[in-house]
Enquirer: 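Have a look at the structure that comes next, please.
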Amino acid sequence: MPKTNNNIAVIGAGTMGRGIAQVFAQSGFEAYMFDAYPEALTSASAQINKMLDRAVEKGRVTAEDATATKGRLHYVENLSDIGTQPLVVEAATEKLDIKIAILQEAQQHLTTDGILASNTSSISITQLAATVDHPERFIGMHFFNPVPLMKLVEVVRGLQTSDETAQRTIEIAQAVGKTAVSCNDHPGFVSNRILMPMINEAIFTLQDGVAEPKAIDDIMTLGMNHPMGPLALADLIGLDVCLHIMEVIFRDLGEDRYRPCPTLRKYVAAGRLGRKSKRGFYSYE
Ligand SMILES: NC(=O)c1ccc[n+]([C@@H]2O[C@H](COP(=O)([O-])OP(=O)(O)OC[C@H]3O[C@@H](n4cnc5c(N)ncnc54)[C@H](O)[C@@H]3O)[C@@H](O)[C@H]2O)c1
């Protein structure tokens with residue numbers, strides 16, 4: 001049975017969940033990972049092992065540490081097998097009904113003072129907190145992709161989140177080598193409230209025929225010192241994800257300036273979702 005100290009359970013073993021579990025395991029936590037689809041667990045395990053093996057080859061991690069990290073990762077096919085945990089992070093598909101159902105079950109696997117967190121990019125933490133028994137111990141732990149490389153955890157406080165939960169969450173993020181920055185729950189939090197309208201504006205700029213995609217991105221990388229242009233970044237994130245977040249911000253803030261660009265809608269309707277579909281503003285064939 002899982003121990004109850006220095007443990008974490010991650011629900012959802014996709015892009016984000018597997019990265020979160022890996023980072024915790026590398027920092028000495030026993031990390032239990034559950035996904036509703038066993039193939040996601042198989043793929044997570046293969047990807048994490050490959051990354052660790054490559055890190056050993058490059059001399060960034062010792063073989064002993066890589067083996068120990070692998071030993072601390074537990075891939076479970078039934079949610080009930082995650083045991084009782086002081087921290088459960090939900091990192092499943094960005095759909096409200098899926099998350100609410102997961103949280104109902106996950107809260108039964110918390111220690112009496114355990115923290116339940118969501119990695120959601122756009123769903124209200126306050127709204128999710130209202131569906132669980134202890135909203136004061138519910139919080140947003142917004143990791144960034146790729147999780148092992150990105151330093152930031154945006155710690156999002158819902159209206160009901162207690163000071164103690166917020167403080168403990170910051171300490172946990174620091175314990176796994178991340179920099180935690182706090183904000184209050186509001187549509188898009190800080191990160192996507194600023195990033196997504198910038199990407200949306202870049203798409204309006206393209207739509208208005210001001211410049212070609214490469215020129216728009218070159219102006220932003222070379223002139224603004226951004227590591228990547230907004231259109232290339234949109235392709236990396238996924239245009240469907242960008243549209244979904246803009247729709248949430250537009251709906252919840254209700255101002256015209258957040259209106260999703262029609263060209264963004266058109267690309268998503270055409271299945272040009274960016275890198276994952278091999279075509280977005282750029283081609284990845
Ligand atoms: N991808 C990003 O750049 C990014 C960045 C920050 C936050 N997020 C957020 O992280 C969360 C996960 O995103 P992702 O990109 O990893 O998605 P993903 O599609 O790669 O992974 C989601 C996983 O959830 C699993 N899942 C679906 N229903 C489930 C259920 N009922 N129980 C358990 N697992 C279930 C799926 O099988 C899949 O493996 C979302 O809330 C998203 O908004 C994503």
Side-chain angles (χ1 to χ4, degrees), residues 2 6-58 60-61 65-83 85-95 98-99 101-103 105-106 109 115-123 139-155 169 172-173 175-180 191 236-238 240-241 273-277:
N6 231 22
N7 279 4
I8 179 180
V10 181
I11 316 254
T15 309
M16 298 303 289
R18 62 186 64 176
I20 295 167
Q22 179 186 337
V23 159
F24 275 82
Q26 281 178 319
S27 301
F29 285 67
E30 297 291 327
Y32 293 82
M33 208 186 315
F34 164 74
D35 198 286
Y37 299 90
E39 53 276 21
L41 294 171
T42 313
S43 145
S45 154
Q47 189 186 342
I48 293 172
N49 289 345
K50 197 168 152 194
M51 280 178 74
L52 289 170
D53 292 344
R54 205 179 303 144
V56 171
E57 276 163 29
K58 296 206 164 158
R60 282 188 267 120
V61 172
D65 283 350
T67 305
T69 297
K70 288 177 192 172
R72 285 191 289 266
L73 282 159
H74 311 278
Y75 304 88
V76 303
E77 292 191 13
N78 295 304
L79 185 50
S80 55
D81 291 337
I82 65 173
Q85 304 295 352
L87 174 65
V88 177
V89 177
E90 174 281 313
T93 309
E94 186 77 344
K95 291 222 164 75
I98 290 181
K99 291 196 187 285
I102 288 173
L103 296 176
E105 206 175 336
H109 293 273
I115 293 175
L116 191 52
S118 175
N119 185 50
T120 180
S121 304
S122 64
I123 297 173
I139 198 158
M141 254 188 129
H142 189 203
F143 289 83
F144 289 77
N145 185 18
V147 183
L149 298 182
M150 299 294 280
K151 290 294 283 180
L152 178 66
V153 179
E154 189 178 29
V155 173
T169 304
I172 291 167
V176 297
K178 300 296 182 195
T179 301
S191 52
L236 183 68
I237 294 169
D240 52 338
V241 176
L273 306 181
R275 282 179 185 265
K276 62 186 166 191
S277 68

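What you see is a predicted model; the values in this text were computed from it and never measured.
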Enquirer: Indicate the atoms forming the closest heavy-atom contact of A21 with A31, along with that distance.
Expert: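 Closest heavy-atom pair between A21 and A31: O-CB, 3.7 Å.
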Enquirer: Side chains of I82 and I11: does their closest heavy-atom pair fall under 4.5 Å?
Expert: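 Yes; the side chains approach each other to less than 4.5 Å.
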Enquirer: Looking at CG of L73 and CG of N49, how far apart are the two atoms once the value is rounded to the nearest 0.5 Å?
Expert: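 It comes to 8.0 Å.
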Enquirer: From F29 CZ over to R72 CZ, what is the distance, rounded to the nearest 0.5 angstrom?
Expert: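 Spacing of CZ (F29) from CZ (R72) equals 10.5 Å.
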Enquirer: Does any pair with a residue in residues 12-25 pass side-chain hydrogen bond (donor to acceptor under 3.5 Å, both in side chains), and if so which ones, sequence neighbours excluded?
Expert: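 Sorted result for residues 12-25: R18-S43, R18-Q47.
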Enquirer: Within this structure, what is the CG-NE2 distance for the pair L79 and H109, rounded to the nearest 0.5 Å?
Expert: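 So the gap between those two atoms works out to 4.5 Å.
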Enquirer: Just by distance, with hydrogens left out, do E94 and S122 show a side-chain donor and acceptor under 3.5 Å apart?
Expert: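 Note: E94 and S122 side chains meet the donor-acceptor criterion.
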Enquirer: For M33 versus A13, what's the shortest heavy-atom pair and its separation?
Expert: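 Shortest heavy-atom contact: SD-CB, 3.5 Å.
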Enquirer: When rounded to the nearest 0.5 angstrom, what distance separates NZ in K276 from CG in L236?
Expert: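 If we round to the nearest 0.5 Å, K276:NZ and L236:CG are 10.0 Å apart.
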Enquirer: Would you say the side-chain atoms of K178 pair up with the backbone N or O of V147, donor to acceptor, closer than 3.5 Å?
Expert: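 Side chain of K178 to backbone of V147: a pair is present.
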Enquirer: Backbone N or O of L273 within a donor-acceptor pair of the D240 side chain at under 3.5 Å?
Expert: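 It does not hold such a pair.
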Enquirer: Which atom pair, heavy atoms only, marks the closest approach of E90 to S118?
Expert: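 So the minimum-distance heavy-atom pair works out to OE1-OG, 2.6 Å.
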Enquirer: Got I172 and M141 here, is their nearest side-chain heavy-atom distance under 4.5 Å?
Expert: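 Yes. Closest side-chain heavy atoms under 4.5 Å.
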Enquirer: Say you draw a straight line from OG of S80 to CD of E105; how long is it, rounded to the nearest 0.5 Å?
Expert: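 Atom-to-atom, S80:OG and E105:CD are 7.5 Å apart.
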Enquirer: Checking T69 against Q26: is there a side-chain donor and acceptor pair closer than 3.5 Å?
Expert: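 Short answer, no.
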Enquirer: Between Y32 and H74, what is the ring plane arrangement, given parallel below 30°, perpendicular above 60°, and tilted in between?
Expert: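 Geometry flag for H74 against Y32: parallel rings.
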Enquirer: Decide side chain to side chain donor-acceptor pair (under 3.5 Å) for Q85 and N7; before the verdict, give the C-alpha distance in whole Å, the side-chain angles of both, and the deciding distance to 0.1 Å.
Expert: CA-CA 6 Å; Q85 304 295 352; N7 279 4; 3.2 Å; yes
Enquirer: What's the shortest heavy-atom distance between D35 and G14, and which atoms?
Expert: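 Answer, listing the atom of D35 first, then G14: OD2-N, 4.0 Å.
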Enquirer: Using every non-hydrogen atom in the two residues, find where L41 and V76 come nearest and quote the distance to one decimal.
Expert: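 Between these two residues, the closest heavy atoms are CD1-O, 3.3 Å.
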Enquirer: In sequence, state the C-alpha distance, the side-chain angles, and the governing distance for V61 and M51, and then conclude on side chain to side chain contact (heavy atoms under 4.5 Å, CB included).
Expert: CA-CA 11 Å; V61 172; M51 280 178 74; over 6 Å; no
Enquirer: Search all heavy atoms of P148 against all heavy atoms of V23 and return the closest pair with its distance.
Expert: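 So the minimum-distance heavy-atom pair works out to CA-CG2, 3.6 Å.
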Enquirer: Rounded to the nearest 0.5 Å, how far apart are OG1 of T120 and CE of M16?
Expert: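 Rounded to the nearest 0.5 Å, the OG1-CE separation comes to 11.0 Å.
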Enquirer: Among pairs that include at least one residue of residues 140-151, which meet side-chain hydrogen bond (donor to acceptor under 3.5 Å, both in side chains), considering only residues two or more places apart or in two chains?
Expert: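 Listed once each, the pairs are H142-E154.
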Enquirer: Could you tell me if the side chain of L87 sits less than 4.5 Å from the side chain of F24, heavy atoms only?
Expert: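 F24 vs L87: side chains touch.
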